[in-house]
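A short worksheet on the structure shown next.
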Amino acid sequence: MDQLFATRASRMKASEIRELLKLLDQPGIISFAGGIPDPALFPASEFAQAFQLALGPKYQSQALQYSVSEGYVPLRQWLADHMKQIGVSCGIDNILITSGSQQALDYLGKLFLSPSDTALVGWPTYLGALAAFNAYEPRFDRLSINGNRRAAEYRAGTGDIKFAYLSPDFANPTGETVDLRSREALLNLAEELDCAVIEDGAYQALRYDGDPIPPILALEISRKQSIEKCRTIYCGSFSKTLSPGLRVGWVVAAKPVISQLVLMKQAADLHSATINQMAVHRVAEACFETHIPMLRQVYRSRRDAMLAALDQFMPEGVQWTKPEGGMFVWVTLPKGMDGSTLLLRALATVKVAFVPGQAFFPDETGANNLRLSFSNSDEKTIQEGIQRLGEVLRM
């Protein structure tokens, strides 16, 4: 049967993170692996009320029925208002609801990439984005927005450059944030290259320190005075703020882009689950503005605990990022060390899990890196886990 598969199938690989999660059922494992929210922080009672209402006599026929591909109108209206609050002026016709932002990345890869086209990405970058884009057989090139690469150098590579992808706020996996100057520089580069910008805003709401920086799409709208003239496409998600299990994300872009994505949605799954969209809308409307500050407070404390533990227990020569938000700390080990080898040793000896860094690099370099997530462990567990990890590094 394998001989019948399309050539793209050979580029599809199992997610290292998903495979790793299968190992974590062992008793006593302290996991810094999955970049997942703490389920104890989900607004469960609000969701229970929302689903009860959706299944009541007034709304059940709508909640359980087919719906429009663009998404539930009240939710799109709420999102238009939400985006305006962070500087993005748009209407509901600029918004498509997707089954998580991962589906949005898959659709955008399908929309823009032909075989051998070029996608500009970070080095490292989000593993899920690489998986989504990889199915469309592109080549990847390193996105540099610090002024070290000119447009002509990008053009010297093979393949048409179709887009630059990045998560500018507290990126997965590094936790780093792109500053205002670099966001402006990226827009200039995209204009020179005549390519799209895919802005992954999955962690945008989870800022713990510093002043908010406008989304790249907001900066471009400010330049061009209309979203319809913009090349930036914003992908958002409720997975890190309200619930990942309901799989509700969204895309904000100029109408011609949304129209094409709607056609893909119609061909793929018709529409995201209506009842889930209705429930998310009810919960967002009821408590988003109070829920987010609570998340920030809890996750800030856990981030601080991880950074303090790293300072206390890591041996000399180990370095790490100090994120202003999000869920991740990126650790760089001394050259010659291998994160995958360290993981096997850590699981076997001290029962600590993390994600080796190599999977986040398109060229599979970066073996001496690892990603730690602090979102799903309390402060005491974080300290214990980092102490154990430090012990393994000293073995």
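Please read these numbers as outputs of a predicted model, since none were measured by experiment. Excluded from the calculations below are hydrogen atoms, water molecules and symmetry mates; all remaining heavy atoms, backbone and side chain alike, are included.
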- Task: Please check if any side-chain donor atom of E379 sits under 3.5 Å from a side-chain acceptor atom of S301, or the reverse.
- Result: yes
- Item | Nonpolar side-chain network containing V73, other nodes, edges under 4.5 Å | I92
- Message: Is a donor from one side chain sitting under 3.5 angstrom from an acceptor on the other, for S239 and R247?
- Response: yes
- Of all the heavy-atom pairs spanning G339 and P356, show the shortest one and how long it is. C-CB, 3.9 Å
- Task: Return each pair, listed once, that meets side chain to side chain donor-acceptor pair (under 3.5 Å) where at least one residue sits in residues 46-73; pairs must be two or more places apart or across chains.
- Result: Y59-R282
- Message: Apply salt bridge (charged side-chain N to carboxylate O under 4.0 Å, His left out) to residues R300 and D304 and explain how you reach the verdict.
- Response: CA-CA 6 Å; R300 178 191 292 114; D304 291 348; 5.7 Å; no
- Item | Nearest-0.5 Å distance that lies between atom CD in Q77 and atom NE2 in H281 | 8.5 Å
- Identify the residue among T232, L143, L120 that makes a side chain to side chain contact (heavy atoms under 4.5 Å, CB included) with L186. L143
- Query: When hydrophobic residues are tied together by side-chain contacts of less than 4.5 Å, even through go-betweens, does I29 share a cluster with L370?
  - Reply: yes
- Considering only heavy atoms from C-beta outward, does the side chain of V355 approach that of L343 to under 4.5 Å? no
- Among residues two or more places apart or on two chains, list those pairs meeting side chain to side chain donor-acceptor pair (under 3.5 Å) that have a residue in residues 328-338. W330-N369, T332-N369, D338-T341
- Item | Single-linkage hydrophobic cluster, 4.5 Å side-chain cutoff, M314 and V392 together | yes
- Sequence neighbours left out, what passes side chain to side chain contact (heavy atoms under 4.5 Å, CB included) with N376? Give chain and number order. I36, D38, P39
- Linking I/L/V/M/F/W/Y whenever their side-chain heavy atoms sit closer than 4.5 Å, directly or via other members, would V280 and L64 fall into one cluster? yes
- Query: Between M294 and M327, is there a shared hydrophobic cluster once you connect ILVMFWY residues whose side-chain heavy atoms come closer than 4.5 Å?
  - Reply: yes
- Report yes if the side chains of I213 and P168 come closer than 4.5 Å at any heavy-atom pair, otherwise no. no
- Query: Are D117 and Y136 close enough, and set up right, to give a side-chain hydrogen bond (donor to acceptor under 3.5 Å, both in side chains), and what steps lead you there?
  - Reply: CA-CA 9 Å; D117 282 345; Y136 303 105; over 6 Å; no
- The ring-ring contact (aromatic ring centres under 6.0 Å, His included) partners of F32 (sequence neighbours excluded) come to none
- Task: Could you walk me through whether V251 and Y234 pass side chain to side chain contact (heavy atoms under 4.5 Å, CB included), step by step?
- Result: CA-CA 6 Å; V251 181; Y234 183 97; over 6 Å; no
- Message: Could you check whether any side-chain heavy atom of T177 comes within less than 4.5 Å of a side-chain heavy atom of P323, counting everything from C-beta outward?
- Response: no
- Message: Looking at R345, is its backbone amide N or carbonyl O close enough to the side chain of T349 to form a donor-acceptor pair, meaning the two atoms are under 3.5 Å apart?
- Response: yes
- Query: Is it true that the side chains of S375 and K240 contain a donor and an acceptor less than 3.5 Å apart?
  - Reply: no
- Look at the side chain of N276 and the backbone N and O of A273, then say whether any donor-acceptor pair between them is shorter than 3.5 Å. no
- Message: Treating Q225 as the side-chain partner and S222 as the backbone partner, does any N or O pair qualify as donor plus acceptor under 3.5 Å?
- Response: yes
- To the nearest 0.5 Å, what is the distance between CD (E285) and CG (L75)? 10.0 Å
- Tell me, do P244 and P37 make a side-chain contact under 4.5 Å, heavy atoms counted? yes
- Message: Any heavy-atom pair between the side chains of L108 and Y165 that's under 4.5 Å?
- Response: no
- Looking at F112, F163, Y107, which one forms a ring pair (Phe, Tyr, Trp, His ring centres under 6.0 Å) with F133? F163
- Query: Roughly how far, to the nearest 0.5 Å, is the SG atom of C235 from the CD atom of Q204?
  - Reply: 13.5 Å
- Query: How many angstroms lie between atom CD of Q277 and atom OG of S99, to the nearest 0.5 angstrom?
  - Reply: 8.0 Å
- Test item: R142 and Y154 side chains (from C-beta on) under 4.5 Å apart, heavy atoms: no
- Query: So which pairs with a foot in residues 172-186 pass salt bridge (charged side-chain N to carboxylate O under 4.0 Å, His left out), sequence neighbours left out?
  - Reply: D169-R183, E184-R223
- Message: Test your reading of the model: is there a side-chain donor-acceptor pair from R388 to the backbone of V352, 3.5 Å cut-off?
- Response: no
- Query: What residues, two or more places apart in sequence or in another chain, satisfy side chain to side chain contact (heavy atoms under 4.5 Å, CB included) together with P256?
  - Reply: E228, A254
- Query: Are V252 and I233 close enough that some pair of their side-chain heavy atoms sits under 4.5 Å apart?
  - Reply: no
- Message: For residues I292 and W250: do they belong to one hydrophobic cluster (side chain heavy atoms under 4.5 Å, members Ile, Leu, Val, Met, Phe, Trp, Tyr)?
- Response: yes
- Message: What's the separation between atom CZ in R302 and atom CZ in F374, rounded to the nearest 0.5 Å?
- Response: 10.0 Å
- Message: With a 3.5 Å distance limit and no angle check, can you tell me whether H291 reaches the backbone of T241 through a side-chain donor-acceptor pair?
- Response: yes
- Tell me, which pairs form a salt bridge (charged side-chain N to carboxylate O under 4.0 Å, His left out) where one or both residues lie in residues 187-201, sequence neighbours left out? E191-K224, E191-R231, D194-R231
- Heavy-atom pair with the smallest gap, counting every atom of Q85 and E289: OE1-OE2, 3.7 Å
- Where does the angle between the aromatic ring planes of H82 and W78 fall among parallel (under 30°), tilted (30 to 60°) and perpendicular (over 60°)? parallel
- Message: What's the separation between atom CG in L342 and atom CG in L347, rounded to the nearest 0.5 Å?
- Response: 9.5 Å
- Query: Does CD in Q297 sit with more than 12 non-hydrogen atoms of other residues, nucleotides or ligands closer than 6.0 Å?
  - Reply: no
- Message: Determine whether a donor-acceptor pair (N or O, by modelled atom type, separation under 3.5 Å) exists between the side chain of T290 and the backbone of C287.
- Response: yes
- Item | Sequence neighbours excluded - ring-ring contact (aromatic ring centres under 6.0 Å, His included) pairs with any residue from residues 170-213 | Y203-F328
- Message: Less than 4.0 angstrom from a charged side-chain N to a carboxylate O is my criterion; do R303 and D209 meet it?
- Response: yes
- With distance as the sole criterion, is a donor-acceptor pair present between the side chains of D378 and T381 under 3.5 Å? yes
- Residue pairs passing the side chain to side chain donor-acceptor pair (under 3.5 Å) test with at least one member in residues 121-132, sequence neighbours excluded, are Q102-Y126, W123-D363
- Tell me the salt bridge (charged side-chain N to carboxylate O under 4.0 Å, His left out) pairs involving residues 74-84, sequence neighbours left out? R76-D93
- Main-chain N/O of A205 paired to R296 side chain as donor or acceptor, under 3.5 Å: yes
- Do L127 and F361 have side-chain heavy atoms sitting under 4.5 Å apart? no
- side chain to side chain donor-acceptor pair (under 3.5 Å): pairs with one or both residues in residues 316-329, sequence neighbours excluded: R207-E324
- Item | SB check E384 K380 (cutoff 4.0 Å) | no
- Item | Heavy-atom pair of closest approach, residues S101 and S237 | OG-CB, 3.9 Å
